[in-house]
Amino acid sequence: MNTFRFQTFYKGVAGIESPAQLMEKLNGFLKGILPIGQFATMFCAIVDFERNEMTYSSAGAPPALVRSDETGGVFASLDGSGFPLGLRARGDYQNATVPFLPGSTLFLYSDALVETPEPPHSVFDYSDLAQFLGEFDTPQSCVDRVVGVLSKVTEGGDAAFNDDVTIFCLAHLDTHFRSDQR
């Protein structure tokens with residue numbers, strides 16, 4: 001139901017210029033419709049491939065992981081400390097900008113990834129996840145390996161998912177397309 005509410009909000013919003021501005025507007029919308037005790041977490045980014053940078057804002061989402069030359073080729077956490085959406089009238093969300101050069105990789109995930117099975121017995125914690133992902137060189141290999149590990153842990157029924165698991169991985173390729181190429 002909340003997904004449909006978000007879609008309705010998003011279709012009606014115009015003039016958003018930054019991730020933090022979207023967070024502020026969405027927070028106000030959700031504060032008005034969510035029951036007390038319900039909230040949402042979110043990470044929003046704009047990747048500018050021409051300027052080789054990413055501007056982002058977070059609302060209590062698990063820390064996004066970025067691997068680049070600037071991080072020494074390892075996955076490093078981005079600040080995900082913004083206030084969750086829908087809990088209070090103003091969230092005071094901030095934008096942050098980081099380099100996102102060709103060869104950089106962004107890995108996003110929902111909190112269920114580090115909460116399956118329930119802590120302290122989780123398959124991954126935040127630092128283990130970053131280290132585990134560092135062993136793989138493509139977005140597809142990162143996602144495939146994480147899903148493979150989770151599947152093995154949960155297939156016997158001993159470690160069920162208590163929440164949905166979402167994984168997203170984006171790489172900035174060093175490829176420039178001409179308009180006449182398809």
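Of the possible donor and acceptor atoms, none in the side chain of Glu24 sits under 3.5 Å from a partner among the backbone N and O of Arg90. Not a single donor-acceptor pair under 3.5 Å links the side chain of Asp111 to the backbone N or O of Pro62. With hydrogens and angles disregarded, a donor-acceptor distance shorter than 3.5 Å links the side chain of Tyr109 to the backbone of Pro63. Panel note: side chain Ser151, backbone Val147; a donor-acceptor pair is recorded below 3.5 Å.
Atoms CZ and CG, from Phe107 and Leu129 in turn, are 5.5 Å apart once rounded to the nearest 0.5 Å. Here Leu26 contributes atom CG and Cys44 contributes atom SG; the two are 9.5 Å apart, rounded to the nearest 0.5 Å. In this structure, Asp69 CG and Thr71 OG1 are separated by 8.0 Å, a value rounded to the nearest 0.5 Å. Arg145 CZ to Thr138 OG1: the interatomic distance, rounded to the nearest 0.5 Å, is 12.0 Å. Within the model, atoms SG of Cys142 and CD of Glu135 stand 10.0 Å from one another, a figure rounded to the nearest 0.5 Å.
In this structure, the side chains of Leu30 and Asn27 stay at 4.5 Å or more apart for every pair of heavy atoms. In this structure, the side chains of Phe100 and Asn52 stay at 4.5 Å or more apart for every pair of heavy atoms. With contacts defined as side-chain heavy-atom distances shorter than 4.5 Å, the pair Leu65/Leu78 does not qualify. By the 4.5 Å heavy-atom criterion applied to side chains, Val149 and Phe124 are counted as neighbours. Looking at Tyr93 and Gln21, their side chains never come closer than 4.5 Å, going by heavy atoms from C-beta outward. Here the side chains of Leu85 and Phe29 are not in contact, with every heavy-atom distance at 4.5 Å or above.
In plain terms, the two heavy atoms of Ser110 and Val165 that are nearest each other are OG-CA, 3.4 Å. The two residues Pro139 and Ala171 make their nearest non-hydrogen contact at CG-CB, 3.4 Å.
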Legend entry - Worked verdict on Leu22 versus Met42 for side chain to side chain contact (heavy atoms under 4.5 Å, CB included): CA-CA 11 Å; Leu22 176 64; Met42 184 174 176; 4.0 Å; yes

Legend entry - Derivation and outcome, side chain to side chain contact (heavy atoms under 4.5 Å, CB included), residues Thr105 and Val66: CA-CA 6 Å; Thr105 303; Val66 172; over 6 Å; no

Legend entry - side chain to side chain contact (heavy atoms under 4.5 Å, CB included) evaluation trace for Thr97 with Met54: CA-CA 6 Å; Thr97 300; Met54 178 177 68; over 6 Å; no

Inset, instruction - Please assess Ile167 against Leu108 for the test side chain to side chain contact (heavy atoms under 4.5 Å, CB included), listing each intermediate value before the final yes or no. - result: CA-CA 6 Å; Ile167 301 169; Leu108 305 174; over 6 Å; no

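Judged by the 6.0 Å distance and 45° axis criteria, Arg88 is positioned over the aromatic ring of Phe83.
Put simply, Val98 and Leu101 are part of two different groups of oily side chains (I, L, V, M, F, W, Y) that touch within less than 4.5 Å, one to the next. Val114 is not connected to Val74 by any chain of hydrophobic side-chain contacts under 4.5 Å among Ile, Leu, Val, Met, Phe, Trp and Tyr, and they are in different clusters. By the criterion of side-chain heavy atoms lying less than 4.5 angstrom apart, applied directly or through intervening Ile, Leu, Val, Met, Phe, Trp or Tyr residues, Phe43 is grouped together with Phe168 in one hydrophobic cluster. Hydrophobic clustering of Ile, Leu, Val, Met, Phe, Trp and Tyr side chains at less than 4.5 Å, counting indirect connections, keeps Ile46 apart from Ile16. Phe9 and Met23 fall within a single hydrophobic cluster, where Ile, Leu, Val, Met, Phe, Trp and Tyr side chains are chained together by heavy-atom contacts under 4.5 Å.
Of the N and O atoms on the side chains of Thr55 and Asn95, not one donor lies less than 3.5 Å from an acceptor on the other residue. Residues Glu70 and Ser68 bring a donor and an acceptor atom of their side chains to less than 3.5 Å of each other.
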